[in-house]
Amino acid sequence: MSTLTDLLAEHTKLSGAAVDHLQLVVAEWQLLSDLSFADFLMWVPLDDQTFLCVAQARPTTAPTAHPEDVVGSAVDSEEHPQLRRAMDESRICREEDPRWHLGVPVRRETIPVRLGTQVIAVLSRSTNLAVPRVPSPLEISYLGSAADLCQMIADGTFPAPEPSPDVHTSPRVGDGLIRLDPSGAVVFASPNALSAYHRMGHASDLVGVHLAPLTRSLIGDPFDATEVAQRIRQALDGQPSMRMEAESRRGAAVLFRSLPLRPRGQAAGAIVLCRDVTEVRRRDRALMSKDATIREIHHRVKNNLQTVAALLRLQSRRLTNPEAKEALAESVRRVTSIALVHETLSMSVDERVDLDDVVDKVIPMMSDVAVTETQVKVRREGGFGIVPAEIATPLVMVLTELVQNAFEHAYAPGQRGEVVVHSERSAKWLDVSITDDGKGLPPGFSLERTDRLGLQIVRTLVDSELRGSLSLRRRPRGGTEAVLRVPLRGRR
């Protein structure tokens, strides 16, 4: 499916400013669709007779009039003459009689989209008439607000280019709508809007109340109170505003956004959208507290592991038996590797680990351990990427054991060489190879029957924790290659 930008670039010669304006209209028109109880289609002229649909919106407040996808289709002026009329006459045009579309009666209107002195596109508003509705204060207020906004599109004053509202997180019509007259008094408040103000601490009805001073009195933070009240007044003066969140004295969190209504340049008041997000923010705070607790646990585990490693080093200095000192050195290395993973998790917000960063810290540590006996360098190729915490620790342990195994068994004391850690990642698998240019595997070697502690640890971790596969084989030109495959599908 082509995007709005793709369709405009392929079929029109509109300027960058015109394309940007149409993007703004599409960003805002869900508000228009919900207020109008109608579908909106955006049409651009291909020639004097043909129009192409480049975008489509359906209402969340009423049945759709266009269940089919219309984007990419074209119509001519005979089929939809109001499109040409709206462009030529630069005014909103309405069909006299409803039309039948897919067995449903539909009333159509067209709204020219003006930018400066030029009409650059036309919006068609299609209302499904199959479901009869009795006019109510809510419907009358919605339709009146929609009519004002549509006229402002025809005037070229809506949507305003600045400030750019964050429409994806702004309150919607169904969240709560308040209509203000030019003086700032409330003439209509939807049930959800009234509930939001009740949650903030206003016990009575809103109709007839001046909204800006009332809202200011309900918000706890003085700066936020002044800011919200000021934005409501600015909307009455014709200035649009971005969304803003504020917390009442009672602890209720509410999102606000105010829009001016100035059809044909005449002040007609404003609409204020509001949404009660108290429970959402409560859950957000609970999750933040939980995340902070988990990160603190990882931090303490890392500190405890570092303490264990320090104690093992202290004990190693008191030993004279070379085998015992080597065993403690290996334990220090394993504990330190696990500590590095927990250090990374203590700084993560989603229990995921940048394995490249961890491996880049582990590799120098292993090189330092081996430098006294060999002249072997370690090099990393490729990228491991981000992995879940559940596989980070066993994977780092496996990598360090395999690299350390190459240090200990592939090279003679003082011998030069290179160990390469290569990784490739796909959607399903993480493939890792550890290759060395040493003396290779001994005759009759079997990974399943080996009595080396490090390789036994590796086998256990690969089978039980990583659910992967591991093989060790001779390289054709000498040396050994360890091949590890870890499944990624199904991991968080």
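FYI, side chains are in, hydrogens and waters are out, and symmetry mates aren't considered; it's all heavy atoms of this structure.
V71 has its side chain within reach of L7: a pair of non-hydrogen atoms, C-beta onward, lies under 4.5 Å apart. Between C274 and P171, the closest side-chain pair of non-hydrogen atoms is not below 4.5 Å. Annotation: side chain of L214 is in contact with side chain of L206 (closest heavy-atom distance under 4.5 Å). Taking the side chain as every heavy atom from C-beta outward, L399 and F384 approach each other to under 4.5 Å. With a 4.5 Å cut-off on side-chain heavy atoms, I219 and S248 do not count as touching. In this structure, R264 and Q151 have side chains that are in contact, with non-hydrogen atoms separated by less than 4.5 Å. Between I120 and H21 the shortest side-chain heavy-atom distance falls below 4.5 Å. Counting heavy atoms from C-beta outward, P487 and W429 have side chains that approach closer than 4.5 Å.
One side chain, Q23 or T5, offers a donor N or O that lies under 3.5 Å from an acceptor on the other. In this model, a donor atom of one side chain and an acceptor atom of the other lie less than 3.5 Å apart for T278 and D276.
Proximity of a side-chain donor or acceptor of S33 to a complementary backbone N or O of W29 within less than 3.5 Å is not detected. Under the 3.5 Å distance criterion, the side-chain polar atoms of Q49 are left unmatched by any main-chain donor or acceptor of E78. With hydrogens and angles ignored, the 3.5 Å screen pairs no side-chain donor or acceptor of R107 with any backbone N or O of R94. Looking only at distances, no side-chain donor or acceptor of R216 sits under 3.5 Å from a matching main-chain atom of A225. Side-chain N or O atoms of T400 include one that pairs as donor or acceptor with a backbone N or O of M397 at under 3.5 Å. In terms of modelled atom types and a separation under 3.5 Å, the side chain of D237 and the main chain of Q239 share no donor-acceptor contact. Between the side chain of T127 and the backbone N or O of A38 there is no donor-acceptor pair closer than 3.5 Å. Not a single donor-acceptor pair under 3.5 Å links the side chain of S126 to the backbone N or O of R108. Between the T50 side chain and the D47 main chain, no donor and acceptor come within less than 3.5 Å of each other. At distances below 3.5 Å, not a single donor-acceptor pair connects side-chain atoms of S141 with backbone N or O atoms of P137.
Scanning all heavy atoms of the two residues, the minimum distance from S36 to L143 falls at O-CD2, 3.7 Å. Shortest non-hydrogen contact noted between E79 and R99 is O-NH2, 3.8 Å. Summarising the geometry of C53 relative to V70, their closest heavy-atom pair is CB-O, 3.6 Å, with the distance given to 0.1 Å. Taking each heavy atom of R125 and I111 in turn, the nearest pair found is CB-CD1, 4.1 Å. In plain terms, the two heavy atoms of P263 and A268 that are nearest each other are CD-CB, 3.8 Å. The two residues A55 and V26 make their nearest non-hydrogen contact at CB-CG2, 4.0 Å.
Each ring pair (Phe, Tyr, Trp, His ring centres under 6.0 Å) pair with one or both residues in residues 52-82, not counting sequence neighbours, appears once here: H66-H101.
With rounding to the nearest 0.5 angstrom, the OG atom of S15 is 8.0 Å from the CG atom of D20. Note that CZ of F51 is 4.0 Å distant from CZ of R84, once rounded to the nearest 0.5 Å. Distance OG1/T110 to CG/L83: 6.0 Å, rounded to 0.5 Å. With values rounded to the nearest 0.5 angstrom, S145 atom OG is found 11.5 Å from I140 atom CD1. One distance of note links OG1 of T12 with CG of L52; it measures 9.0 Å at 0.5 Å rounding. Here Q30 contributes atom CD and R58 contributes atom CZ; the two are 10.5 Å apart, rounded to the nearest 0.5 Å.
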Inset, instruction - List the steps, then state whether side chain to side chain contact (heavy atoms under 4.5 Å, CB included) holds for T215 with R231. - result: CA-CA 11 Å; T215 306; R231 293 189 183 191; over 6 Å; no

Inset, instruction - Could you walk me through whether L273 and S170 pass the side chain to side chain contact (heavy atoms under 4.5 Å, CB included) test, one step at a time? - result: CA-CA 8 Å; L273 301 174; S170 292; over 6 Å; no

Legend entry - Criterion side chain to side chain contact (heavy atoms under 4.5 Å, CB included) on D224 and E247, from CA distance to verdict: CA-CA 8 Å; D224 289 346; E247 189 170 308; over 6 Å; no

Inset, instruction - Start with the C-alpha distance between S190 and N192, add both sets of side-chain angles, then the distance that settles side chain to side chain donor-acceptor pair (under 3.5 Å), and finish with yes or no. - result: CA-CA 6 Å; S190 71; N192 283 343; 5.8 Å; no

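Legend: residues meeting ring-ring contact (aromatic ring centres under 6.0 Å, His included) with F188, ordered by chain and number and at least two apart, are absent. T64 pairs by the side chain to side chain donor-acceptor pair (under 3.5 Å) definition with D39, not counting sequence neighbours.
Ion pair K361/D357 flagged as a salt bridge, since at least one NZ, NE, NH1 or NH2 atom sits closer than 4.0 Å to an Asp/Glu carboxylate oxygen. Using a cut-off of 4.0 Å between Lys/Arg side-chain N and Asp/Glu carboxylate O, R380 and D356 are scored as salt-bridged. Under the 4.0 Å criterion applied to side-chain N and carboxylate O atoms, R257 and E28 are assigned as salt-bridge partners. A salt bridge links D148 with R179: the distance from a Lys NZ or Arg NE/NH1/NH2 to an Asp or Glu carboxylate oxygen falls below 4.0 Å.
Other residues, nucleotides and ligands place more than 12 heavy atoms under 6.0 Å from the CD atom of E279.
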